[in-house]
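Counting starts at 1 for both ligands and their atoms, in listed order. Just so you know, residue 1 is the first one in the sequence shown, and it goes up from there. Quick caveat: nothing in here was measured; it's all calculated off a predicted structure.
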Amino acid sequence: MQKRTLGKTQRTLPAIGLGCMGLSEFYGPPTEQSAAIKLLHEAIELGVEHFDTAEMYGIGANESLLGEAFHDRRDKVFIATKFGPTRNPETGEFTGIDGSRENCRRAVADSLERLKTDVIDLYYLHRVDPATPIEETVTAMAELVSEGTVRTIGLSEASGDTIRRAAKVHPISAVQSEYSIFSRDIEASVIPACIDTGATLVAYSPLGRGMLSGRFKAESLADGDFRSMTPRFQGDALQANIALVDEIEAIASAKGCTPAQIALAWVLGRGEHVMTIPGTTKLENLQANLGAYEIRLSDGEQATLGQLADRVKGDRYDERGMSIINA
Ligand code: ATR
């Protein structure tokens, strides 16, 4: 286990947390509630503390799941959730991003109720609202800290410039962005902004949404799986990307570990300012992922892995998704 400090706070957390989104939505059908709660309880037993959810995952269902799982063991978990994106509750369709003070206050009250808690450890703006200056949104989030309903605040998929502006209003403890062997675009300006402002980078999709495990050589995506809507998981790009995983598998087999563990060790190896939240719905994958704490990559291995991102084909989101990142 490796512990790291969250932003400029005194709080330390195990560097590997659990991304909970896939238990409720986006990666095929939701996990049955009792199985999901069992997994969340087992995660605590395995030493996981940091659990990541959002208002929009399952339109509240993912937060409600965590509320059920954790209300009687709140002191054992660190709960991160997010607000901003809005959806039609009937159709699930995305209707926009609302970073207004009014929506921030409405959202936090709803999240606290669903999570069955009176405080959220880390509250993120999930996507930056182009119509609300970041200073206004962060001022509203900072009010929640002074009122005691939120302990620390963060931004997700924000640009370096936005992070720097936000940090002038209130300490930004975490920036959550996609970051993996295959997705390194944030190294240009987001990571430097994290380092300069003292924010922890919380790397989501460190397994490339499962691609880096190599499983999609043999497995196809379920109908309606959100990944099949992303260019990286489509047609020739998918085949080319899966072929790149061979290079990760070769390193894994030489070290006697799995490619998913290599992917996580690579993210953790980027520095003390990084934590990661791989997602899984399965105990065996969770256990294997935590095995990444024990893996160290040599300079040669890092060099081989370091040249893969430039060869990845296809964007990580569809056009709409790409238009709201790095904002
Ligand atoms: P996200 O942050 O979006 O959840 P991720 O962490 O990069 O993305 O990858 C999550 C995906 O990797 C899930 O589809 C998960 O599937 P399971 O629920 O079946 O585990 C898959 N995954 C996680 N750990 C894995 C492992 N050790 N081996 C294979 N697949 C794994």
Side-chain angles (χ1 to χ4, degrees), residues 15-32 35-36 38-40 42-43 46 48 50-54 56-58 62 65-66 80-82 124 126-127 156-157 174-184 186 201-230 232-233 238 241-242 245 248-249 252-253 257-268 274-295 308-309 312 316-318 321 325:
I16 301 178
L18 181 64
C20 299
M21 177 187 85
L23 290 166
S24 299
E25 200 186 0
F26 296 114
Y27 295 166
T31 302
E32 196 271 316
K38 189 160 176 271
L39 179 85
L40 293 167
E42 284 162 340
L46 290 168
V48 176
H50 180 174
F51 293 85
D52 183 86
T53 180
M56 74 153 225
Y57 300 161
N62 197 242
L65 171 68
L66 268 60
T81 192
K82 323 182 190 76
Y124 292 100
H126 202 162
R127 290 290 186 275
S156 180
E157 293 286 8
V175 171
Q176 185 174 138
S177 291
E178 180 167 349
Y179 191 45
S180 70
I181 293 170
F182 274 13
S183 292
R184 297 177 57 183
I186 63 167
L201 176 78
V202 176
Y204 80 83
S205 296
L207 303 171
R209 304 184 183 278
M211 188 182 278
L212 300 178
S213 71
R215 64 192 278 176
F216 295 116
K217 287 184 178 173
E219 198 183 314
S220 45
L221 295 169
D223 281 349
D225 189 307
F226 141 88
R227 289 171 287 201
S228 60
M229 268 78 89
T230 63
R232 207 165 269 195
F233 276 86
L238 175 63
N241 296 334
I242 287 174
V245 178
I248 305 175
E249 285 178 339
S253 74
C257 67
T258 68
Q261 288 172 329
I262 295 290
L264 295 174
W266 181 88
V267 170
L268 295 181
V274 181
M275 297 184 191
T276 191
I277 46 167
T280 183
T281 57
K282 301 192 181 78
L283 179 62
E284 63 271 25
N285 286 347
L286 175 63
Q287 283 168 323
N289 293 346
L290 296 172
Y293 281 129
E294 312 309 322
I295 292 161
L308 296 179
V312 171
R316 57 192 174 94
Y317 283 108
D318 66 7
I325 61 170

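For Y179, the ring-ring contact (aromatic ring centres under 6.0 Å, His included) criterion is met by W266, not counting sequence neighbours. Under the ring-ring contact (aromatic ring centres under 6.0 Å, His included) criterion, Y204 pairs with no residue at all, not counting sequence neighbours. The ring-ring contact (aromatic ring centres under 6.0 Å, His included) search around Y27 returns none, not counting sequence neighbours.
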(message) Run the salt bridge (charged side-chain N to carboxylate O under 4.0 Å, His left out) test on E157 and R316 for me, step by step, so that the C-alpha distance in whole Å, both residues' side-chain angles and the decisive distance to 0.1 Å come before the verdict.
(response) CA-CA 13 Å; E157 293 286 8; R316 57 192 174 94; 2.8 Å; yes
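Smallest separation of non-hydrogen atoms from L39 and L283: CD1-N, 3.4 Å. Across Y124 and D52, no two heavy atoms sit closer than the pair CE1-OD1, 3.8 Å.
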Tabulate distances under 3.5 Å between N/O atoms of ligand 1 and N/O atoms of the protein, writing both atom names on each line.
{"residue": "ligand 1", "atom": "2 (O)", "partner": "S205", "partner atom": "N", "Å": "2.9"}
{"residue": "ligand 1", "atom": "2 (O)", "partner": "S205", "partner atom": "OG", "Å": "3.4"}
{"residue": "ligand 1", "atom": "3 (O)", "partner": "Y27", "partner atom": "OH", "Å": "2.5"}
{"residue": "ligand 1", "atom": "3 (O)", "partner": "S205", "partner atom": "OG", "Å": "2.9"}
{"residue": "ligand 1", "atom": "6 (O)", "partner": "G279", "partner atom": "N", "Å": "2.8"}
{"residue": "ligand 1", "atom": "7 (O)", "partner": "P206", "partner atom": "N", "Å": "3.4"}
{"residue": "ligand 1", "atom": "7 (O)", "partner": "L207", "partner atom": "N", "Å": "2.8"}
{"residue": "ligand 1", "atom": "7 (O)", "partner": "G208", "partner atom": "N", "Å": "3.2"}
{"residue": "ligand 1", "atom": "7 (O)", "partner": "R209", "partner atom": "N", "Å": "2.9"}
{"residue": "ligand 1", "atom": "8 (O)", "partner": "S205", "partner atom": "OG", "Å": "3.4"}
{"residue": "ligand 1", "atom": "9 (O)", "partner": "G210", "partner atom": "N", "Å": "3.2"}
{"residue": "ligand 1", "atom": "14 (O)", "partner": "R227", "partner atom": "NH1", "Å": "2.9"}
{"residue": "ligand 1", "atom": "16 (O)", "partner": "R215", "partner atom": "NH1", "Å": "3.0"}
{"residue": "ligand 1", "atom": "18 (O)", "partner": "T281", "partner atom": "N", "Å": "2.8"}
{"residue": "ligand 1", "atom": "18 (O)", "partner": "T281", "partner atom": "OG1", "Å": "2.6"}
{"residue": "ligand 1", "atom": "19 (O)", "partner": "R215", "partner atom": "NH1", "Å": "3.0"}
{"residue": "ligand 1", "atom": "19 (O)", "partner": "R215", "partner atom": "NH2", "Å": "3.3"}
{"residue": "ligand 1", "atom": "19 (O)", "partner": "K282", "partner atom": "NZ", "Å": "2.3"}
{"residue": "ligand 1", "atom": "20 (O)", "partner": "T280", "partner atom": "OG1", "Å": "2.5"}
{"residue": "ligand 1", "atom": "20 (O)", "partner": "N285", "partner atom": "ND2", "Å": "2.7"}
{"residue": "ligand 1", "atom": "24 (N)", "partner": "N289", "partner atom": "ND2", "Å": "3.0"}
{"residue": "ligand 1", "atom": "27 (N)", "partner": "N289", "partner atom": "OD1", "Å": "2.9"}
{"residue": "ligand 1", "atom": "30 (N)", "partner": "R215", "partner atom": "NH1", "Å": "2.9"}

